[in-house]
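The sequence lines fix the lettering, A, B, ..., with proteins before strands; numbering per chain opens at 1.
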There are 2 protein chains.
Amino acid sequence: MSSASSTSTHEHGDAIELLALVATLMHSAFARFAADAVDAPSVGQRLELSRMSSDAVARRDRILARVTDLGGDPVDQLERFERLLADLDARTQPATWWERLLKGYVGYGVSEDFCRMAAWGVDPVTRDLVLDVLGDDSEEELSVAVLADACELDEALSSRLALWGRRVVGESLQTVSRMLTVHPIMARIAAKGLLATRTDTEGEQPKVLNELTAEHSRRMSRLKLTA
Amino acid sequence: MSSASSTSTHEHGDAIELLALVATLMHSAFARFAADAVDAPSVGQRLELSRMSSDAVARRDRILARVTDLGGDPVDQLERFERLLADLDARTQPATWWERLLKGYVGYGVSEDFCRMAAWGVDPVTRDLVLDVLGDDSEEELSVAVLADACELDEALSSRLALWGRRVVGESLQTVSRMLTVHPIMARIAAKGLLATRTDTEGEQPKVLNELTAEHSRRMSRLKLTA
């Protein structure tokens, strides 16, 4: 095997690693939006959430098409990170509609921030695709509007949700940390991506988890909740 | 109000009545495929079912766009037949994966046959849209393949499913019958549609429920199950 083709295979392997994670997140978003659509209190919300669920399928399939282009098998790839996300899901079972909404905003926020960061550690075509697919923040906007309104009106709800948000972010960051240990390729991509995006060239080597925590604080402050 | 505009309003009302039912069926198909996608045993099936769920959203939205064109409100229309379908769903809770598959095949088969028949009782644009939207039989093909294989291998399963099929079709036909009583406009559209499609011009006036039962027998025989 020539050195050039070895590099290319290596690059493909990195890209497929990240694509597998993004596809699994999108598939999980599909299932979550679909379940939310069934439980949503109004017909208008049911319509909107069903469209978000359908949209997540289309986004997942764009990612899986790239997996196929790079010589990977979509079905195999969708199985790789399934257990990790199912575990996180099981440890953060929301008790109320509000907790469920906040879990989506916080938990998937962390996962998507991670993928955006790691996107800078893979080839440009894959990077652009991942950033584009993750770029739809209609869910974020919907959640922020609904949660911020509710918290403003109800102080007790607001404190309960602040606690819940800390629990969800704790579990999410732990999941990322476990993933970086179990999947060394992912750790390498993320580190590469983080280096590529850092603006300050001095000081300590940035840490993946620190960056994710900073993004989380920004997200909670949009709800006027303490991170 | 002139006689022409009165006729047109009347026609629109009929079309919206049928579109409301079809949209509700499609929304319910979306929710069912999405739940099936989560529970399906293999990743391949999960992918396929999530795509069917996404496709049901697109089909529902084509129907709702026609509701809007005719001056109806999609949200109001989606609420009209919701209770009827939820009741049917509650009375036919499947105990196994097989029962769930057969319920989809039989129960939605009856509903869709009804809508196909009623489509001939409304204006041609609406009729063509409804027939096109209901034309996708990928679910039917998937269910038939899986169920026929399983029944051939397992005689006990085959008899249990024959019983379950009779229960589901009984409840489905009762639901149609109740709908025709509660919604006289629907009864009129269905009768008009049935007349438009009958090929024999002699003999007794055909009955909606008889036609649906005949279609059901044809469907069960594809599985080699007694209707």
Side-chain angles (χ1 to χ4, degrees), chain A residues 19-65 67-68 72-86 89-90 93 133 136 138, chain B residues 19-65 67-68 72-86 89-90 93 133 136 138:
Chain A
L19 291 165
L21 179 61
V22 177
T24 309
L25 283 171
M26 288 295 129
H27 186 78
S28 143
F30 143 73
R32 187 164 49 96
F33 293 145
D36 286 354
V38 171
D39 293 343
S42 80
V43 171
Q45 287 166 323
R46 271 174 253 163
L47 285 171
E48 182 160 15
L49 285 158
S50 68
R51 284 170 194 142
M52 285 162 68
S53 133
S54 167
D55 188 56
V57 169
R59 293 194 278 155
R60 180 204 66 201
D61 283 352
R62 286 177 63 200
I63 294 287
L64 292 180
V67 168
T68 307
D73 177 63
V75 169
D76 289 351
Q77 294 308 319
L78 213 55
E79 276 174 328
R80 297 193 48 226
F81 294 99
E82 205 178 32
R83 171 59 43 205
L84 198 79
L85 284 185
D89 197 49
Q93 284 297 311
V133 158
D136 178 6
S138 57
Chain B
L19 291 165
L21 179 62
V22 177
T24 309
L25 284 171
M26 288 295 129
H27 185 78
S28 144
F30 144 72
R32 186 164 50 97
F33 292 144
D36 286 354
V38 171
D39 293 343
S42 81
V43 171
Q45 287 166 323
R46 272 174 253 162
L47 285 171
E48 182 159 15
L49 284 158
S50 68
R51 283 171 195 141
M52 284 162 69
S53 133
S54 167
D55 188 56
V57 169
R59 293 194 278 154
R60 180 204 66 201
D61 283 353
R62 285 177 64 201
I63 294 287
L64 292 180
V67 168
T68 306
D73 178 64
V75 169
D76 289 351
Q77 294 308 319
L78 212 55
E79 277 175 326
R80 296 193 48 226
F81 294 100
E82 205 178 31
R83 168 63 39 206
L84 198 79
L85 283 185
D89 197 50
Q93 283 299 308
V133 157
D136 178 7
S138 58

Counting only non-hydrogen atoms closer than 4.5 Å, does [X] touch chain B with its backbone (N, CA, C, O), its side chain (CB onward), both, or neither?
{"X": "A:Arg60", "result": "side chain"}
{"X": "A:Val38", "result": "side chain"}
{"X": "A:Asp76", "result": "neither"}
{"X": "A:Ser53", "result": "side chain"}

With a 4.5 Å cut-off on side-chain heavy atoms, are [Y] and [X] touching?
{"X": "B:Gln45", "Y": "B:Glu48", "result": "no"}
{"X": "A:Thr24", "Y": "A:Leu84", "result": "no"}
{"X": "A:Arg59", "Y": "A:Ile63", "result": "no"}

- Return the option, out of B:Ala58, B:Ser42, B:Ala56, B:Ser54, with the maximum number of heavy-atom pairs under 4.5 Å with chain A. B:Ser54

- Task: Pick whichever of B:Glu79, B:Glu82, B:Arg51 has the most heavy-atom pairs under 4.5 Å with chain A.
- Result: B:Arg51

Starting at [atom1] of [X], measure out to [atom2] of [Y] and round the result to the nearest 0.5 Å.
{"X": "A:Arg32", "Y": "A:Leu25", "atom1": "CZ", "atom2": "CG", "answer": "9.5 Å"}
{"X": "A:Leu19", "Y": "A:Met26", "atom1": "CG", "atom2": "CE", "answer": "11.5 Å"}
{"X": "B:Leu78", "Y": "B:Leu21", "atom1": "CG", "atom2": "CG", "answer": "11.0 Å"}

- Side chain / backbone / both / neither for B:Val75 at chain A, heavy atoms under 4.5 Å: both

- Just give me the residue among A:Ser28, A:Ser50, A:Ala31, A:Ala34 that pairs up with chain B most often, heavy atom to heavy atom, under 4.5 Å. A:Ser50

